[in-house]
Structure formats: structure tokens, C-alpha cells
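As the structure lists them, so they are numbered: ligands from 1, and atoms in each ligand from 1. None of these values were measured; they are calculated from a predicted model.
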Amino acid sequence: MAATDVLKPDHAGARRHFIFTDEHEQLRESIHNFVVKELRPHAEKWEETTFEDWVFPRMGELGFLGLTYPEEYGGQGGDYYCALVLAEEMVHANCGGLGMGIAVHTDMATPPIHLFGTEQQKQDYLVPAIKGQKIACLGITEPDAGSDVAGIKTRAVKDGDEYVINGSKTYITNGHRADFIVLVTKTDVDAGYDGFTLFLVDMDSPGVIREKKLQKLGMHASDTALLAFQDVRVPESAVLGQIGKGFYHIMWELQGERMIGAAGAVAAAQHVFDRTLQYAQERTAFGRPISKFQVTRHKFAEMATKIEAARQLVYTTAWRFANGEYPVREISMAKLYASRIAVEVADECIQIHGGAGYMREYDVERVWRDLRLNRIGAGTDEVMLEVIGKSYGL
Ligand SMILES: Cc1cc2nc3c(=O)[nH]c(=O)nc-3n(C[C@H](O)[C@H](O)[C@H](O)COP(=O)(O)OP(=O)(O)OC[C@H]3O[C@@H](n4cnc5c(N)ncnc54)[C@H](O)[C@@H]3O)c2cc1C
């Protein structure tokens, strides 16, 4: 065989997945540059203070809050993969709470307005949200109902041409800073899954009480609220989507939320892997870089394999989602698997760092603390397993 016929493994080749085009890569580069230059420098401070509200109008100005929304509402008119690119690049801020606060705004609270909202609601909420002038939050979870969404108790009762809302919501991301909430309520207690309705509620409405800011294991840069709704009066025009169809609306919303969460988890795992790889090549013990121990090399090989498997699952599922399928089983698998392997990777990266991994200074322990949420938020591992298992008729 001639020398030129020898095919060498192309480990360093660019690995752009087929779902992404040159335009996605340009978008990736511009988000990346913005994140590294304008957001990352504040990561340390925001752990203490939560991230500052100016991030919203700044990202709105750059077009990053409306990547997938139509241009007529101020969006960029991009495809679904643009949302993945944003979620992936936000991890380079080294600030999980920031990525979550933005994702709640762009990919959790506003999609139902775009899909189910009236033209007026789109003008009043979606347009300013895309500009970053109004901050959004999403209220599903209650003190007595998390996994069991159908168990929520917040009531919206018709009174003339208004609704009166009473109840409470907890663990609400952006809840302290938000201008409005997409709120899941029960409008008919006897109607089972057909008794739920979504509302768009202004957070400065009389009776909306932002109770305590909750202290957390990780995601410190995000604000997490306990909210109370006491005789909050909203007009009929505040109903989002169809009366009685709120459960189905929010289940649809959760699919998008889980996809974005999975994409972000894989990207965060890759980011901490890359940083740890560099560390392992620089740190020496027993006269050699720790990366030269076979046990360390195998740890990287295991992590890389898990990350790649999760990434392929996320991208393939995203491709199906973007092409009009509603692949709930695979979305649940992607969310479950990506969340799990991301936490495993972050844990192993702490181990490879040794004592440094336990120190805040090296910023690896924070990745683990932030990622630990992914196995709980937007549906726990156990709930994902239930969805997957039941999809086989079990
Ligand atoms: C930092 C943070 C931010 C959040 N942001 C938001 C937000 O912005 N908006 C919002 O609405 N919610 C938010 N959440 C809530 C989150 O989605 C819920 O915490 C999650 O869905 C789990 O609900 P729960 O906490 O009530 O746990 P529970 O439902 O009480 O579950 C407790 C345990 O029981 C298990 N379990 C429950 N049911 C089953 C079952 N059928 N089979 C097997 N095991 C089961 C669970 O898996 C879990 O291990 C946030 C949570 C956190 C921690």
C-alpha cells in the first residue's frame, strides 16, 4: 500500500452534525463571542447576586431571545436548531443559573404564547419578551404538586367577565424578576385532565405576592421564587390557549423544555470535559502528567463516549421534533440520559481535579452543583422512566 493510501484516524476533524448548516455555525460563533466577552466575566459575582436584568435587553438587542420566532414579532425566523445552538453556547458563561434563567424565558415561558396566544397576547407579551423588555417566568409547580402536574390546586374561578385566581407556585425560576407569568391553573375541578387552563398574568397585578427567594444547592445565579396568588383578578383575555386544555398545552411545552435542557446538559458536560482534559495534561504526580495514567485515560474515554452517545440522541430527537414529529418517548430518553451522564461527567471531573475539584476557585464543583438540577427539573429521572415505560403500553 502506498503511503498516501494509509488512512489515518481524523480525531481532530471538525465534527459538525448534519443538522447544522454554515448559518448555524455563524450564529454559534456570534453567541459564543458574546457569552465569553459580556457574560462570563460576571459569573463569579452572579453566583452571589444572581445575574443582572440588563442581560435580557442586551440579548434582545442582539436578536438572541427570538431566534426561532417569526420576524413579524421581532424574531429571527430561525429553525429549531438555532434554539439548540443558544442552549449549547450559553454554557460557556460558566454560570448555570444564567443559562437556566434565559432558557426559561426563551424556550419555556414564551413558546406557549407563540403557539396558543391571540394576536393581542403576542403583541403584549411575545414582542416585548423577544426585545428583552419584559421578563417571563413559568408557573407549573406547587408546594403540593410537582411531578404530579395534574395534582395542582391553583384555582381560577369565573366571576362575570373576569377570572379570580388563588393558589401558590414554588421553585419558579425568574419569579422575582419576571414581568409576567404563564400560569397553570385549574378551572374545573371535576373535569380531570380537561379541567386546566393557562393564564398570562402580569406580576404587578394586585394579589400577586413574591414570597421568599429560595436558597439552593446550585444554580445560584438564578432567582427561584415561592409565589402566592390571592384573589388575583384577570380579564378573560388573559386566558392563554383553550379553556380546559391547559394540561395538554403544558405537556407540549414540557417537551420543548426537556429538549433544550438535554442539549444544555450535553454541552455543559463537554465544556467541563474540555477544561478537565487541559488540567489533566498540566497537573503532574509521580513525575508525569496525571493524564498519562491509564486509569485517567480511561475515565476520559468513558466520559467522551457517554457525551457522544447523549449528543447523538439529542440531535436525532431534535431532528425528528423539528420535522413535525412529536417523539415524546425519545425526548424523555434524551432528557433522562443527557441529565444523568452530565452529572456523572461533572462528578468524574471533580475526581480528576483531586482537591482542586473541591475548591470553588476551579469552578468544577459548581458545574456539578448546577447540573444536579437536570435530574430533577422539568420532570425527574423517575418521571422520564415512567413516560418511557408507559410508552410501551406497560
Ligand atoms: C432550581 C429549580 C428551578 C425550577 N424552576 C421551575 C420553574 O421555573 N417553573 C416550575 O413550574 N417548576 C420549576 N421547578 C420545579 C421542578 O420542575 C420540580 O421540582 C420537579 O418537577 C419535581 O417536582 P417536586 O419537586 O414536587 O418533586 P416530587 O414530585 O415531590 O418528587 C419527589 C420524588 O418522588 C419521585 N416521584 C414522584 N412521582 C413519581 C412516580 N410517579 N413514580 C416514581 N417516582 C416518583 C420523584 O421522581 C422524586 O424523586 C424548579 C425546580 C428547581 C429545583
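The shortest N or O to N or O distance between Leu373 and ligand 1 is not below 3.5 Å. At under 3.5 Å, a nitrogen or oxygen of Tyr171, whether backbone or side chain, sits near a nitrogen or oxygen of ligand 1. Considering both main-chain and side-chain atoms, Glu382 comes within under 3.5 Å of ligand 1 through a nitrogen or oxygen pair. Between Leu138 and ligand 1, an N or O atom pair is found at a separation short of 3.5 Å. Note: no N/O pair closer than 3.5 Å links Thr170 and ligand 1 by distance alone.
Here the protein heavy atom with the shortest distance to atom 24 (P) of ligand 1 is Gly146 CA, 3.9 Å. Of the protein's heavy atoms, Glu386 CG, 4.5 Å lies nearest to atom 40 (C) of ligand 1. Residue, atom and distance of the protein heavy atom nearest to atom 37 (C) of ligand 1 are Ser147 OG, 3.6 Å. Closest to atom 20 (C) of ligand 1, if we only count protein heavy atoms, is Ile376 O, 3.5 Å. Nearest protein heavy-atom neighbour of atom 16 (C) of ligand 1: Thr141 OG1, 3.8 Å. Looking only at heavy atoms of the protein, atom 8 (O) of ligand 1 is closest to Thr173 N, 3.0 Å.
Seen from the ring of Tyr362, Arg275 does not count as a face-on cation partner, given the 6.0 Å and 45° thresholds. For the pair Arg58 and Phe34, the cation-pi test (distance below 6.0 Å, angle within 45°) is failed.
Side-chain atoms of Leu84 and Ile19, non-hydrogen and from C-beta on, do get closer than 4.5 Å to each other. The closest side-chain heavy-atom distance from Thr154 to Val184 is not below 4.5 Å. At a threshold of 4.5 Å between non-hydrogen side-chain atoms, the residues Thr317 and Met333 do not count as touching. In this structure, the side chains of Met219 and Thr173 stay at 4.5 Å or more apart for every pair of heavy atoms.
Considering all non-hydrogen atoms of both residues, Ile352 and Tyr279 come closest at O-CE2, 4.0 Å.
There is a protein heavy atom less than 4.0 angstrom from atom 51 (C) of ligand 1. At least one protein heavy atom sits closer than 4.0 Å to atom 43 (C) of ligand 1. Within 4.0 Å of atom 30 (O) of ligand 1, not a single protein heavy atom is present.
Residue Ile172 approaches ligand 1 through these ligand atoms, each under 4.0 Å from one of its heavy atoms: 7 (C), 8 (O), 9 (N), 10 (C), 11 (O). Near Thr380, meaning under 4.0 Å from any of its heavy atoms, are these atoms of ligand 1: 22 (C), 46 (C), 47 (O). The distance from ligand 1 to the heavy atoms of Lys216 drops below 4.0 Å at these ligand atoms: 1 (C). Those atoms of ligand 1 that come under 4.0 Å of a heavy atom in Ala378, given as number and element, are 17 (O).
Using a 30° and 60° split on the angle between ring planes, Tyr69 and His114 fall in the perpendicular class, above 60°. Between Trp46 and His42, the angle of the ring planes stays under 30°, which puts this pair in the parallel group of the 30/60° scheme.
Hydrophobic clustering (ILVMFWY, side-chain heavy atoms < 4.5 Å, transitive): Leu67 and Leu98 are in one cluster.
Under a 4.0 Å N-O distance rule, the pair Arg28/Glu25 qualifies as a salt bridge.
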